[in-house]
Each structure stands twice: as C-alpha cells, then as structure tokens.
Amino acid sequence: MRINKWTVPAVMALGLLGACGGGSSVDPLTQNAPGADVVAGVESRTAVVISEAQRLSAASTNDTSEPAALGSVNLATSDTDEPADI
C-alpha cells in the first residue's frame with residue numbers, strides 16, 4: 001500500500017477537528033439568554049414563555065422595580081396553543 005505525503009496531515013487534521021466537540025452543551029432551560037433576565041428556552045417553546053412569565057410575576061414583590069430585560073430575545077409563539085392565564 002502506498003501512502004501519499006498528505007495522508008498523515010489529513011488524518012491528523014480530521015482527528016483535531018473531531019476532538020473539538022463543537023462547543024459546550026448549554027441547557028436553554030437553565031441558562032439565561034444573552035443580555036436577558038429570562039432563560040434561553042423562551043425562544044423555542046411557548047410553554048417556557050408562559051412558565052417564565054409566571055415565575056417573574058411570582059418573584060416580583062415590588063411594583064416599582066425595573067422590568068425584566070429581554071435584550072434581543074424573540075419570544076416563541078404558537079398559532080395552535082390555547083391562551084394561558086399569567
């Protein structure tokens with residue numbers, strides 16, 4: 001079997017790329033969205049939007065406090081889910 005001079009560097013490069021792992025695994029239900037006071041899951045599930053609104057409402061004891069920051073978060077929406085009481 002004949003080995004090309006580029007075989008070893010190519011195998012090493014593929015090994016290094018495979019070892020990267022693609023970054024960290026962040027749970028969107030426990031980590032806040034960047035620049036926001038709500039969890040990142042509010043961008044993907046309407047149930048999380050409702051639970052976060054209920055959590056923030058229950059945690060707020062002061063009517064004059066600053067509102068929760070949403071930053072550039074786009075809240076998930078649904079055309080089929082039933083309205084929820086918050």
Side-chain angles (χ1 to χ4, degrees):
M1 182 168 109
R2 185 171 167 234
I3 297 177
N4 188 333
K5 67 178 182 177
W6 294 106
T7 303
V8 173
V11 169
M12 289 178 63
L14 286 174
L16 289 173
L17 287 174
C20 288
S24 64
S25 59
V26 174
D27 184 6
L29 300 179
T30 60
Q31 299 294 321
N32 279 3
D37 293 333
V38 294
V39 294
V42 297
E43 294 184 301
S44 59
R45 297 187 210 153
T46 55
V48 178
V49 173
I50 294 166
S51 67
E52 275 296 287
Q54 291 170 338
R55 180 188 68 83
L56 290 170
S57 178
S60 176
T61 59
N62 184 352
D63 289 338
T64 60
S65 62
E66 291 294 319
L70 291 179
S72 61
V73 172
N74 293 319
L75 299 178
T77 59
S78 173
D79 293 333
T80 58
D81 289 349
E82 292 294 322
D85 291 331
I86 297 179

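What you are looking at is a predicted structure, and each value in this text was computed from that prediction instead of being measured. For the numbers below, each heavy atom of this structure counts, side chains included, while hydrogens, waters and symmetry mates do not.
- In this structure, L75 is not a member of the same hydrophobic cluster as I50, with clusters built from ILVMFWY side-chain heavy atoms closer than 4.5 Å.
- Shortest non-hydrogen contact noted between A69 and G35 is CB-O, 4.1 Å.
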List the atom pairs, with distances to 0.1 Å, where a side-chain N or O of residues 39-48 and a protein N or O form a donor-acceptor pair under 3.5 Å, not counting sequence neighbours.
{"unit_1": "E43", "atom_1": "OE2", "unit_2": "N74", "atom_2": "N", "d": "3.3"}
{"unit_1": "S44", "atom_1": "OG", "unit_2": "G41", "atom_2": "O", "d": "3.2"}
{"unit_1": "T46", "atom_1": "OG1", "unit_2": "D81", "atom_2": "OD2", "d": "2.5"}

